[in-house]
Amino acid sequence: MADNKDAMKRNAWLRMDSEEIEQTYEFNKGYREFLSRVKTEREATEYFYQLALANGFLPLNEVDAIGAGQKLVLSDKGKVCALLVIGQEPLNEGINLVASHIDSPRLDLKARPLYEADGQALFKTHYYGGIKKYQWVAVPLALHGVVVKKDGQSIEIAIGEKEDEIAFTIADLLPHLAKDQMEKKMSEAIKGESLNILVGSRPLAENSEEGIKKYILNILQSKYGIEEDDFTSAELQLVPAYPAREIGFDRSMIGAYGQDDRVCAYTSFQAILEVERPQRTAVCLFVDKEEIGSTGNTGLQSLIIENIMAELLHKAGVHDYYSIRRSLANSYALSADVNAAVDPNYPEVFEKMNCSFLGNGVVMTKYTGSRGKSESNDANPEFLGRIRKLFDDNKVVWQVGELGKVDIGGGGTVAQYMARYGMEVVDCGAALLGMHSPFEVVSKADVYMCYRAYKSFMQSF
Ligand code: MN
Ligand code: MN
């Protein structure tokens, strides 16, 4: 088929030598372990921060003066993290920034989640990000997050990841009684208010009112020190309870939850660990809240980037406002986020001359947006020309990408929130199958090419 010939033209597996292929499989072992272990923005921040320290990065807030070659790390509110390698050139010349997001679609507990009905105890949820609700029923779920007590004590929760541990689930309606449901539109077949998590079914004692709920509260108190009111100051998230898996007879892919966008976060993190004495300051930024519009004080619509730049300049002894503006405007950025891989089960939504294919390397997406490039950054060709050269010179296998056919849909990334400073920015990341599903699939070759792309950008662009 002509289509398949197109896909093969730039296949990364065919353009790597045996040593590179071995490195690809090796690199992905670490990636798979990371995916199995890190499922929330808080866990990602902790993982990156601690590993940065172990690799010789110093906390930015403990450093008084900035100098070339320094490796620094910061975390903010437990949900944002950045690694920096200070360059030879002054900050006024701009930085090379790779920004990815570490939040993923999931189910969040409501502020008053626990109730009892029909002999069961359940948690009410409000989903986070763009999900297809039917994908979240009848699968094992794990509970991750924090509960903050009134005295400020923070209780960390991660239940359901180990095989011998309890897990949670949302029961689906049996087909025998689903005649009406099956006739509904997919988007309406399962309602947000029916995404209630099964958490218990055993009453505390005979004749005790709401005995099942009471029994659960007893367990929460004795095992975790949590009272019912404590849920009002908590961030608890339900995520798929299974680990990442290798996919395919050839082990060429990885299937896991949360690869949008932890594939870009992990690969850019590994890349900056290896950046040494770059010309321009290299920054790897991991942000929260992308999936709900980059809102809040941990999303990229906040002033995170400006605040980091201000702190760097302050510690470099530069104190004027103009320098902050100039440093930002002179910067280059990769918006490290995923794109959709052409799916042979749904060829009708892709325009194959411009969409990305699994295994064809890191995807350079000039514009995202929907129906007329709305909300898109639309990268400048002068910048893209230089990025193409960088990738080709550094043996980065790359491809172009566009999110589906023009009239079908679309989506945005954080690129626009970096572009507003005047910095040059383009979307650049892996192509996924099943994006936003509880089990997204990526090509190991693309994972490796992301790492190479980010490393070349931070080290030598
Ligand atoms: Mn994303
Ligand atoms: Mn997404």
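Take K149 and apply the salt bridge (charged side-chain N to carboxylate O under 4.0 Å, His left out) test, not counting sequence neighbours, and it matches E227, D230. Every residue two or more places apart in sequence or in another chain that forms a side-chain contact (heavy atoms from CB on, under 4.5 Å) with T298 is listed here: K77, K79, V80, D288, K289. Under the ring-ring contact (aromatic ring centres under 6.0 Å, His included) criterion, F286 pairs with F48, not counting sequence neighbours. With sequence neighbours excluded, the residues forming a ring-ring contact (aromatic ring centres under 6.0 Å, His included) with Y242 are F439, listed by chain and number. Scanning for salt bridge (charged side-chain N to carboxylate O under 4.0 Å, His left out) contacts around R251 gives E246, with sequence neighbours left out. Partners of E274 according to the salt bridge (charged side-chain N to carboxylate O under 4.0 Å, His left out) rule, which considers only residues two or more places apart in sequence or in another chain, are K455. Taking the ring-ring contact (aromatic ring centres under 6.0 Å, His included) definition, one finds that F350 meets it with nothing, sequence neighbours left out. Every residue meeting the ring-ring contact (aromatic ring centres under 6.0 Å, His included) condition with Y332, not counting sequence neighbours, appears here in chain and number order: F383, F461.
More than 12 non-hydrogen atoms from other residues, nucleotides or ligands lie less than 6.0 angstrom from CD of E165. Counting heavy atoms of neighbouring residues, nucleotides and ligands inside a 6.0 Å radius, atom NZ of K110 exceeds 12 of them. The number of heavy-atom neighbours closer than 6.0 Å to CG of N380, taken from other residues, nucleotides and ligands shown, is above 12. Counting heavy-atom neighbours within 6.0 Å of Y25 OH, excluding the residue itself, gives a total above 12. The local environment of CD in E163 is sparse, with at most 12 non-hydrogen atoms from other residues, nucleotides or ligands closer than 6.0 Å. A 6.0 Å sphere centred on CZ of R388 holds no more than 12 heavy atoms belonging to other residues, nucleotides or ligands. A 6.0 Å sphere centred on CZ of R15 holds more than 12 heavy atoms belonging to other residues, nucleotides or ligands.
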Output side-chain donor-acceptor pairs under 3.5 Å for residues 202-217, partner residues at least two apart or in another chain, one line each.
from : atom 1 : to   : atom 2 : distance (Å)
R202 : NH1    : Y215 : OH     : 3.3
K213 : NZ     : E228 : OE2    : 2.8
K214 : NZ     : E209 : O      : 2.9

Which donor-acceptor pairs under 3.5 Å do the side chains of residues 256-265 make with protein atoms, sequence neighbours left out?
from : atom 1 : to   : atom 2 : distance (Å)
Y257 : OH     : P105 : O      : 2.8
Q259 : OE1    : Y31  : OH     : 2.7
Q259 : NE2    : I254 : O      : 3.1
Q259 : NE2    : E440 : O      : 2.6
D260 : OD1    : H101 : NE2    : 3.0
D260 : OD2    : H436 : NE2    : 3.0
D261 : OD2    : H101 : N      : 3.0
R262 : NE     : V38  : O      : 3.4
R262 : NH1    : I102 : O      : 2.7
R262 : NH2    : K39  : O      : 2.9
R262 : NH2    : S104 : OG     : 3.3

Show the atom names and distances, to 0.1 Å, of all donor-acceptor pairs under 3.5 Å that link a side chain in residues 169-190 to residues at least two apart or in another chain.
from : atom 1 : to   : atom 2 : distance (Å)
T169 : OG1    : V139 : O      : 2.9
Q181 : NE2    : A189 : O      : 3.2

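Using cut-offs of 30° and 60° on the angle between ring planes, the pair Y47 and Y266 is tilted.
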Does R106 form a salt bridge (Lys or Arg N to Asp or Glu O under 4.0 Å) with E291? I'd like the steps, not just the answer. CA-CA 10 Å; R106 61 184 187 240; E291 297 294 359; over 6 Å; no

Dump the intermediate steps for salt bridge (Lys or Arg N to Asp or Glu O under 4.0 Å) on E193 and K124, then the final yes or no. CA-CA 7 Å; E193 291 299 346; K124 294 206 71 65; 3.4 Å; yes

Report the C-alpha distance between D407 and R371 in whole Å, list the side-chain angles of each, state the deciding distance to 0.1 Å, and finish with yes or no for salt bridge (Lys or Arg N to Asp or Glu O under 4.0 Å). CA-CA 6 Å; D407 287 331; R371 299 179 184 89; over 6 Å; no

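At a threshold of 4.5 Å between non-hydrogen side-chain atoms, the residues L74 and L84 count as touching. Looking at V396 and V362, their side chains come closer than 4.5 Å, going by heavy atoms from C-beta outward. For the pair L109 and Q237, the minimum side-chain heavy-atom distance is 4.5 Å or more. Counting only heavy atoms from C-beta outward, the side chains of L83 and V85 never approach each other to under 4.5 Å.
Evaluation of the ring-ring contact (aromatic ring centres under 6.0 Å, His included) test over residues 102-135, restricted to residues two or more places apart or in two chains, returns F123-F231.
For the side chain to side chain donor-acceptor pair (under 3.5 Å) with D427, the qualifying choice from T413, N339, T365 is T413, the only one to do so.
Remark: L97 CG to I308 CD1 distance equals 8.0 Å, nearest 0.5 Å. Expressed to the nearest 0.5 Å, how far CD1 of I159 lies from NZ of K223 amounts to 7.5 Å.
No side-chain donor from either of Q221 and N218 sits under 3.5 Å from a side-chain acceptor of the other. If you check the side chains of Y367 and E402, you find a donor sitting under 3.5 Å from an acceptor. S302 and N297 share no side-chain donor-acceptor pair at under 3.5 Å.
Look at E235 and R42 and you find a salt bridge, because one of the NZ, NE, NH1 or NH2 atoms lies within 4.0 Å of a carboxylate O, short of that distance. Under a 4.0 Å N-O distance rule, the pair E46/R37 does not qualify as a salt bridge.
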